[in-house]
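One structure is given here, and the rest of the page talks about it.
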Amino acid sequence: MTSPTATVVRLKLALLRNGLRQSGGRRAAFAASAVVALLFALSQLAGLILLRGRPHADVVAVIGTAVLALGWAVLPLFFPTGDETLDPTRLVLLPLHPRPLVRALLAASLVGIGPLFTLLVLTGCALALAHGPAGYAVAVAAVALALLVCVALARAVAAANVRLLTSRRGRDLAVLSGLVIAIGAQLVNFGAQRLGSAGLEPLRPAADVLTWVPPASAIGAVRSASEGAYGVAAGQLAVSLAGLALLLAAWARSLTRLMTAPDGSTLQPLDAPGRDRSGTAGPARLLPCGRTGTVMERSLRYIWRDPKTKAAWVTSLAIGLIVPVFNAVQGTGSIYFACFAAGMLGIQMYNQFGQDTSAFWMVAMTVSSARDAYAELRGRALALLLVTLPYAVLVTVLTTSLLDAWARLPEALGLSFALLGAMLATGAWTSARFPYSIPQEGHKNVAPGQAGLAWIAIFGGMVAAALLCSPVIALTLWLHVTADGAARAWLLLPAGTGYGAALTLLGLRLAAPRTAARLPEILTAVSKG
């Protein structure tokens with residue numbers, strides 16, 4: 001059979017060419033992105049070449065190669081539409097065997113801005129370490145091998161997750177990609193701060209390990225060959241070559257499965273084991289009976305299935321953990337930073353009905369009185385508490401352990417619970433008084449024309465929650481200034497817990513009549529998106 005490599009490469013070029021023909025804006029965006037990427041790659045190439053002879057050049061080159069490979073591994077999961085040839089299921093009806101197809105797709109993967117960017121950076125990493133004829137000779141093979149490993153890694157990951165990338169969960173990943181990048185930027189910032197004071201020497205152990213992990217091992221071979229350790233260099237190149245072979249084998253196996261196994265979405269689903277056909281299965285059986293349990297289950301399903309709701313929850317969970325823990329690790333934290341976890345998750349109580357969007361009319365049909373509205377709000381609050389309470393305890397205990405301030409754990413928990421209760425109370429009220437729509441498409445979280453409502457609901461509610469917490473804050477300050485207050489600080493835990501529970505119940509009671517009375521206005525507001 002004729003090799004399909006040339007055909008697939010021409011197909012990739014045709015896809016790029018036809019995509020650019022669609023509009024002038026698309027051509028301008030492609031040209032601008034290409035210029036920016038190439039300029040950045042050339043600057044990295046020049047910077048890496050300037051590192052030649054520096055004490056930590058090998059650390060930068062090896063870890064830089066590993067980070068580059070990591071980017072190739074994860075970016076296809078977050079941006080599956082960036083390359084139309086990432087989906088091999090488009091070729092399943094063609095008479096192609098997996099192994100020739102692997103070679104063809106590997107060659108096609110080398111066409112594009114990404115591979116050129118990677119080639120330039122890898123060349124800089126190799127030149128930063130190459131010295132002498134042997135070093136330069138190994139550098140040529142190392143750069144080609146590292147590039148093939150990066151591309152094969154991206155393809156193997158994409159093929160293994162192609163069903164995911166083309167499903168609703170794949171769209172969830174696309175929504176969450178911005179969050180992951182934001183959290184990663186915080187981690188990079190934290191690492192840069194640590195390195196700024198300690199230099200690159202703390203990364204030496206990590207670099208020594210990565211010199212035996214492909215594709216960084218290929219760049220490590222350049223240093224070994226330049227120093228005359230030819231046996232070590234051969235071993236490091238062999239490790240990268242073995243990694244490439246394993247990735248190609250895994251890729252071929254995934255292609256075989258995709259081309260021969262039926263798609264589960266086209267099969268009639270069988271009854272799941274352990275499911276009672278007459279009722280609810282799994283952990284949902286533990287929820288209360290009646291409307292409360294139904295509302296809790298619906299809210300939890302929104303958190304798990306709706307991309308926008310999931311993104312908001314994951315953001316709150318991540319930031320609520322990062323802020324207190326990172327500050328504690330850096331030695332600048334306080335036990336009270338643990339309240340950040342309860343505060344971030346308490347925000348999820350605001351605009352409860354806007355999360356339902358146009359589907360809220362189905363809920364509105366079941367609310368005919370203040371009692372119905374109270375049951376609806378109570379179920380939503382309990383669903384939030386089901387996640388927030390253990391999470392707040394976990395973050396508080398972790399922060400306390402990092403600061404070694406166990407004597408202040410009860411007061412931190414008491415303040416967290418009081419803040420959470422205040423936010424649940426104000427969130428229930430603002431959900432009824434200032435509802436706004438959340439668009440399902442795109443990355444906007446507020447429908448056009450409703451930004452003012454969102455600001456009032458969120459920031460006004462947070463200010464009100466802070467004011468409601470003032471009695472517990474005042475009690476905390478009073479215990480700290482009194483002579484024997486430290487011995488009685490444990491009272492803040494039951495006091496804060498009880499106060500937060502009372503605020504929650506009072507807020508739900510006050511919000512229920514307003515919710516029942518304003519159902520038409522709420523439905524109109526949340527359906528605008």
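Because only heavy atoms are used, hydrogens play no part in the values below, and waters and symmetry mates are left out as well, while side chains stay in.
Counting only residues at least two apart or on different chains, no salt bridge (charged side-chain N to carboxylate O under 4.0 Å, His left out) pair has a member in residues 504-521. For residues 382-395, the set of pairs meeting the salt bridge (charged side-chain N to carboxylate O under 4.0 Å, His left out) definition, not counting sequence neighbours, is empty.
Contact record, C150 with W72: O-CB, 3.6 Å, taken as the closest heavy-atom pair. Between S416 and A342, the closest heavy-atom pair is O-CB, 3.6 Å. Smallest separation of non-hydrogen atoms from A418 and V472: CB-CG2, 3.9 Å. Pairing each heavy atom of L153 with each of A73, the nearest pair is CD2-CB, 3.6 Å. Residue A370 comes nearest to A512 through the heavy atom pair O-CB, 3.5 Å, listed as atom of the first residue, atom of the second, then distance. In plain terms, the two heavy atoms of L384 and L345 that are nearest each other are CD1-O, 3.7 Å.
A side chain to side chain contact (heavy atoms under 4.5 Å, CB included) with M462 is found for one member of I347, L419, L467 and no other, namely I347. A side chain to side chain contact (heavy atoms under 4.5 Å, CB included) with P410 is found for exactly one of L491, L492, L415, L493, namely L493.
Taking SG of C339 as the start and CG of L420 as the end, the distance is 10.5 Å to the nearest 0.5 Å. Note that CG of L70 is 12.5 Å distant from CD1 of I63, once rounded to the nearest 0.5 Å. Within the model, atoms OH of Y436 and CD1 of I522 stand 13.5 Å from one another, a figure rounded to the nearest 0.5 Å. With rounding to the nearest 0.5 Å, the separation of CG in L385 from CZ in F417 is 10.0 Å. Rounding to the nearest 0.5 Å gives a distance of 15.0 Å between CH2 of W313 and OH of Y302. Atoms CZ and OG1, from F459 and T430 in turn, are 12.5 Å apart once rounded to the nearest 0.5 Å.
Not counting sequence neighbours, the partners of A66 by the side chain to side chain contact (heavy atoms under 4.5 Å, CB included) test are L210, A216. Under the side-chain hydrogen bond (donor to acceptor under 3.5 Å, both in side chains) criterion, S401 pairs with no residue, sequence neighbours left out. With sequence neighbours left out, A381 forms a side chain to side chain contact (heavy atoms under 4.5 Å, CB included) with M349, L508. By the side chain to side chain contact (heavy atoms under 4.5 Å, CB included) test, S299 pairs with V295, R380, A383, sequence neighbours left out. Legend: residues meeting side chain to side chain contact (heavy atoms under 4.5 Å, CB included) with L468, ordered by chain and number and at least two apart, are A422, T426, L503. Legend: residues meeting side-chain hydrogen bond (donor to acceptor under 3.5 Å, both in side chains) with R291, ordered by chain and number and at least two apart, are T366, E376. Residues that satisfy the ring pair (Phe, Tyr, Trp, His ring centres under 6.0 Å) test with F353, not counting sequence neighbours, are F360. Not counting sequence neighbours, R433 has no partner by the side-chain hydrogen bond (donor to acceptor under 3.5 Å, both in side chains) test. For Y499, the ring pair (Phe, Tyr, Trp, His ring centres under 6.0 Å) test picks out no residue, with sequence neighbours left out.
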Side-chain donor/acceptor pairs under 3.5 Å, residues 391-400, sequence neighbours excluded:
| from | atom 1 | to | atom 2 | distance (Å) |
| --- | --- | --- | --- | --- |
| Y391 | OH | L317 | O | 2.2 |
| Y391 | OH | L321 | N | 3.1 |
| T396 | OG1 | A392 | O | 2.7 |
| T399 | OG1 | V395 | O | 2.8 |
| T400 | OG1 | T396 | O | 2.6 |

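Counting only heavy atoms from C-beta outward, the side chains of L68 and F117 approach each other to under 4.5 Å. You'll find the side chain of V35 stays beyond 4.5 Å of the side chain of F40, heavy atoms only. T482 has its side chain within reach of R488: a pair of non-hydrogen atoms, C-beta onward, lies under 4.5 Å apart. Looking at R408 and E411, their side chains come closer than 4.5 Å, going by heavy atoms from C-beta outward. No side-chain heavy atom of T515 sits less than 4.5 Å from a side-chain heavy atom of V367.
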Is there a side chain to side chain contact (heavy atoms under 4.5 Å, CB included) between W429 and Y350? Walk through the geometry before answering.
CA-CA 8 Å; W429 191 85; Y350 294 86; over 6 Å; no

Check against side chain to side chain contact (heavy atoms under 4.5 Å, CB included), V325 and F337
CA-CA 9 Å; V325 170; F337 279 11; over 6 Å; no

Where do I322 and F340 land on the side chain to side chain contact (heavy atoms under 4.5 Å, CB included) test, with the steps shown first?
CA-CA 10 Å; I322 288 174; F340 211 84; over 6 Å; no

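The main-chain N or O of N351 is found under 3.5 Å from a side-chain atom of S431 such that the two form a donor-acceptor pair. A distance-only check finds a donor-acceptor pair linking the side chain of S316 to the backbone of M344 [under 3.5 Å]. With hydrogens and angles ignored, the 3.5 Å screen pairs a side-chain donor or acceptor of T294 with a backbone N or O of G290.
Around CH2 of W406, the count of heavy atoms belonging to other residues, nucleotides or ligands within 6.0 Å exceeds 12.
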